[in-house]
Amino acid sequence: LGYKQVLHAHLMGRTPSFSFEYRLRHENGSWVWVQNRGRVTERDADGLPLRASGTHLDVSESKRAEQLLAESKRFYETVFATNNAAKLILDPESGRVIDGNGAAAQLFGLSHQSLCSSRIQALTTGREVELTLAVVLEGQHQCFEYTQSFSGRDGALEVHAGPVEHGGKRLAFLILLDITERIRAMTALEQSEARFRVLLDQAGDSVFLISSLGRLIDGNQMMFDQLGYAREQLIGESVDRFVTGLPSQSHFAEGLPFC
């Protein structure tokens with residue numbers, strides 16, 4: 001309701017008092033928020049108002065605080081509640097989950113209510129998180145990786161933990177990243193590189209790999225033995241240093257074969 005409707009309702013005796021806020025333009029050109037509060041103190045025999053009293057209060061600071069609070073809430077929802085990374089706020093002394101976003105609830109296969117009634121010790125295996133909370137309680141940051149079963153599957157997590165201050169109390173803020181697929185990809189790459197190394201070293205001839213810039217990427221042990229160099233002495237070097245008669249650099253850059 002507008003202030004006219006609020007005031008009219010009170011003057012007609014439909015409300016015990018009136019209160020509304022509005023903006024006034026200050027002499028210096030700025031806008032100030034004013035709160036107008038009052039009530040009718042005397043009425044005639046027909047109930048019509050004869051006398052009223054009230055106050056005008058500058059509530060600009062309060063309005064600014066409300067705006068900051070609203071902006072803070074929106075910021076919190078943006079970086080915490082709606083972010084895809086799993087995030088938890090914990091009591092570092094007890095390990096109690098104070099809050100967690102939807103991604104964290106999904107990670108552990110719990111509802112938000114169940115997540116916020118849990119302790120981190122019941123959600124994780126090993127002592128890594130428990131030890132981290134002790135570090136955070138001292139005001140330090142910690143980062144580590146660990147593996148465990150969560151959401152019905154085995155996986156790996158990368159945890160970033162640090163202190164945050166709220167209401168005069170130090171809390172722990174955890175970001176949990178599911179790195180299961182990254183670990184699997186790295187393991188597969190290492191296994192592939194190991195198989196490639198075995199095939200390379202078992203080749204009956206000297207074998208070497210050259211980049212498009214004409215630099216040595218890798219070679220088998222027979223090649224290094226024939227040239228009389230250690231592997232670390234040649235990797236990254238131009239092949240012109242130890243081989244003559246090779247095609248030009250542009251030949252390699254265009255991906256053309258040679259023999």
Handout entry: Test item: Asp178 side-chain N/O and Thr180 main-chain N/O as donor-acceptor pair under 3.5 Å
Key = yes
In a table with atom names and distances, give each donor-acceptor pair under 3.5 Å that connects a side chain of residues 182-192 to protein atoms at least two apart or in another chain.
{"unit_1": "Arg182", "atom_1": "NH1", "unit_2": "Glu158", "atom_2": "OE1", "d": "3.2"}
{"unit_1": "Arg184", "atom_1": "NH1", "unit_2": "Glu181", "atom_2": "OE2", "d": "2.9"}
{"unit_1": "Thr187", "atom_1": "OG1", "unit_2": "Ile183", "atom_2": "O", "d": "2.8"}

Problem - Interatomic distance, Leu115 atom CG to Asn101 atom CG [nearest 0.5 angstrom] - result: 8.5 Å
Practice task
Indicate, with yes or no, if Val159 and Leu110 share a hydrophobic cluster defined by side-chain heavy-atom contacts under 4.5 Å among Ile, Leu, Val, Met, Phe, Trp and Tyr.
Solution key: yes
Handout entry: Straight-line distance of Ile120 CD1 to Leu133 CG, nearest 0.5 Å
Key = 7.5 Å
Exercise for the section: Kindly indicate whether the side chain of Phe224, heavy atoms from C-beta on, has any atom under 4.5 Å from the side chain of Ile235. Expected result: yes
Exercise for the section: Please round to the nearest 0.5 Å and tell me the distance separating atom CD of Gln106 and atom OG of Ser111. Expected result: 13.0 Å
Handout entry: side-chain contact (heavy atoms from CB on, under 4.5 Å) between Arg170 and Glu93, worked out
Key = CA-CA 9 Å; Arg170 176 168 290 168; Glu93 295 182 343; over 6 Å; no
Fill in the blank from the handout: Shortest non-hydrogen pair, Arg14 vs His8, comes out as NH2-CD2, 3.7 Å
Problem - Donor-acceptor under 3.5 Å (His112 side chain, Gly100 main chain) - result: yes
Fill in the blank from the handout: For Asp58, the side-chain hydrogen bond (donor to acceptor under 3.5 Å, both in side chains) test, sequence neighbours excluded, returns Ser60
Handout entry: Validation row: Leu24, His56 side chains within 4.5 angstrom (heavy atoms)
Key = no
Practice task
Using a 4.5 Å cut-off on heavy atoms from C-beta on, say whether the side chain of Lys63 contacts that of Arg23.
Solution key: no
Fill in the blank from the handout: Interatomic distance, CG@Leu234 vs CD1@Ile217, rounded to 0.5 Å, equals 14.0 Å
Fill in the blank from the handout: So the side-chain hydrogen bond (donor to acceptor under 3.5 Å, both in side chains) pairs with at least one residue in residues 134-147 (sequence neighbours excluded) are Tyr146-Gln148
Practice task
Look at the side-chain heavy atoms of Ile, Leu, Val, Met, Phe, Trp and Tyr, link any pair under 4.5 Å apart, and say whether Tyr22 and Val6 land in one connected group.
Solution key: yes
Fill in the blank from the handout: Pro92 and Ala172 have their tightest heavy-atom pair at CD-N, 3.9 Å
Practice task
Can you tell me which residue pairs pass the salt bridge (Lys or Arg N to Asp or Glu O under 4.0 Å) test with a partner in residues 214-225, sequence neighbours excluded?
Solution key: Arg197-Asp218, Asp218-Arg231
Fill in the blank from the handout: Ser94 meets the side chain to side chain contact (heavy atoms under 4.5 Å, CB included) criterion, sequence neighbours left out, with Asp91, Arg96, Arg119
Problem - Least distance between heavy atoms, Gly95 atom then Leu90 atom - result: O-CD2, 4.3 Å
Exercise for the section: Return the minimal non-hydrogen interatomic distance between Val136 and Ala161, and the atom names on each side. Expected result: CG2-CB, 4.0 Å
Practice task
State plainly whether one hydrophobic cluster holds both Leu131 and Leu176, where clusters connect Ile, Leu, Val, Met, Phe, Trp and Tyr through side-chain heavy atoms under 4.5 angstrom apart.
Solution key: no
Exercise for the section: Would you check if Val129 and Phe144 make a side-chain contact, meaning some heavy-atom pair closer than 4.5 Å? Expected result: yes
Handout entry: Nearest heavy-atom neighbours spanning Phe173 and Val164
Key = CB-CG1, 3.8 Å
Problem - Within 6.0 angstrom of Arg39 CZ, more than 12 heavy atoms from elsewhere - result: no
Completion exercise
In this structure, CD of Gln35 is separated from OG1 of Thr55 (nearest 0.5 Å) by 6.5 Å
Exercise for the section: Report yes if some heavy atom in the side chain of Val97 is under 4.5 Å from a heavy atom in the side chain of Leu123; otherwise report no. Expected result: yes
Problem - Test side-chain contact (heavy atoms from CB on, under 4.5 Å) applied to Leu157 and Leu107, Leu174, Leu177, Thr124, the passing residue - result: Leu107
Practice task
Verify the cluster assignment for Met222 and Leu216: are they in a single hydrophobic cluster under the rule of side-chain heavy atoms below 4.5 Å apart?
Solution key: no
Problem - Validation row: Phe18, Val40 side chains within 4.5 angstrom (heavy atoms) - result: no
Handout entry: Co-membership, hydrophobic cluster, residues Phe20 and Trp33, 4.5 Å side-chain
Key = no
Practice task
Please list, chain by chain and in numerical order, all residues satisfying side chain to side chain contact (heavy atoms under 4.5 Å, CB included) with Glu42, sequence neighbours excluded.
Solution key: Leu50, Arg51
Problem - Test item: Asn220 side-chain N/O and Asp205 main-chain N/O as donor-acceptor pair under 3.5 Å - result: yes
Exercise for the section: Drop me the distance from Ile89's CD1 to His166's NE2, to the nearest 0.5 angstrom. Expected result: 8.0 Å
